[in-house]
Undergrad: 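Handing you a structure now.
Numbering starts at 1 and runs along the sequence shown. Nothing here was measured: the structure is a model prediction, and the numbers come from that model.
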Amino acid sequence: MSKIAIFFGPLKGAVNRVADKVKDAIGEEKVEMVPVKDATVADLEKYDKIIFGISTVGKETWHATYNNVDWAKFLPEIGKTNYEGKKLAIFGLGDHVTYAATFVDHIGLLAKELMANGGTLAGQVSADDYEFEESEAVEDGKFLGLPVDEDFEPELTDERVKNWIEQIRPEFGF
């Protein structure tokens, strides 16, 4: 069995903690952790099963050039890869209170970039279990990945990760 790559960033903070929870739920021996800070197209191409973990970047900074933002550096690599035949999923962190009008937009922006390059996503989550105003991550009543709010709902994270892992398990084969 090939390892599942978890591409995540930044290295510290909530995304890292949730990435570790995802890894532990899958099984540490089945996962390779890949920080996006220094990842390249070659890193993306060597895996057939990829989970992306992203923190809030906001629409206004997504396409901007920020040398200190890991995902801003890594995004161009996403667009250089063909994802046909790969298993893909996304989890993302957001704040549904302070940023209710842009809650986990980054999941949607990343998902659209992956799908534009032949990707099919596993792990859509019903938006019914979340409070927010608007999100670019929602299509047909579902988030295009797993939203997690470590700022205002940390007590829900473990259960949400557990349920999401069970949801993607058949497709990822772990």
Undergrad: Please list all pairs meeting ring pair (Phe, Tyr, Trp, His ring centres under 6.0 Å) that have one or both residues in residues 109-131, counting only residues at least two apart or in different chains.
TA: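 Residue pairs with at least one partner in residues 109-131: Tyr130-Phe143.
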Undergrad: Measuring only between side-chain heavy atoms, which start at C-beta, is Ile4 closer than 4.5 Å to Ile51?
TA: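 Yes. Closest side-chain heavy atoms under 4.5 Å.
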Undergrad: Can you get from Ile50 to Met115 by hopping between Ile, Leu, Val, Met, Phe, Trp and Tyr side chains that sit under 4.5 Å apart?
TA: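 In one cluster: yes.
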Undergrad: Mind checking whether Pro10 and Asn16 have side chains closer than 4.5 Å, heavy atoms only?
TA: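 SC-SC contact between Pro10 and Asn16 ruled out.
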Undergrad: What I want to find out is whether Glu153 reaches Arg160 closely enough, with some N-O distance under 4.0 Å, to be called a salt bridge.
TA: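 Salt bridge flag = yes for Arg160 with Glu153.
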Undergrad: Quick one, Asp105 with Thr102, criterion side-chain hydrogen bond (donor to acceptor under 3.5 Å, both in side chains). Give me CA distance, side-chain angles, the key distance, then yes/no.
TA: CA-CA 5 Å; Asp105 274 355; Thr102 58; 4.6 Å; no
Undergrad: Are Lys23 and Asp20 ion-paired here, with the side-chain N under 4.0 Å from a carboxylate O?
TA: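 A salt bridge links Lys23 with Asp20.
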Undergrad: Any side-chain heavy atom of Lys86 within less than 4.5 Å of one from Leu88?
TA: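 Yes. Closest side-chain heavy atoms under 4.5 Å.
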Undergrad: Can you find a heavy atom in the side chain of Ile6 that is under 4.5 Å from one in the side chain of Glu32?
TA: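 Result no, sub-4.5 Å side-chain heavy-atom pair not found.
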Undergrad: Who pairs with Asp38 by side-chain contact (heavy atoms from CB on, under 4.5 Å), at least two apart in sequence or on another chain?
TA: none
Undergrad: Decide yes or no for Thr157 and Val18: does some side-chain heavy atom of the first lie under 4.5 Å from some side-chain heavy atom of the second?
TA: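 Thr157 reaches Val18 side chain to side chain.
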Undergrad: Could you check whether Phe91 and Phe52 have their ring centres less than 6.0 Å apart?
TA: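 Not under 6.0 Å, so no.
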Undergrad: Under 4.0 Å between a side-chain nitrogen and a carboxylate oxygen: does that hold for Lys21 and Asp158?
TA: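 The answer is yes: the pair qualifies as a salt bridge.
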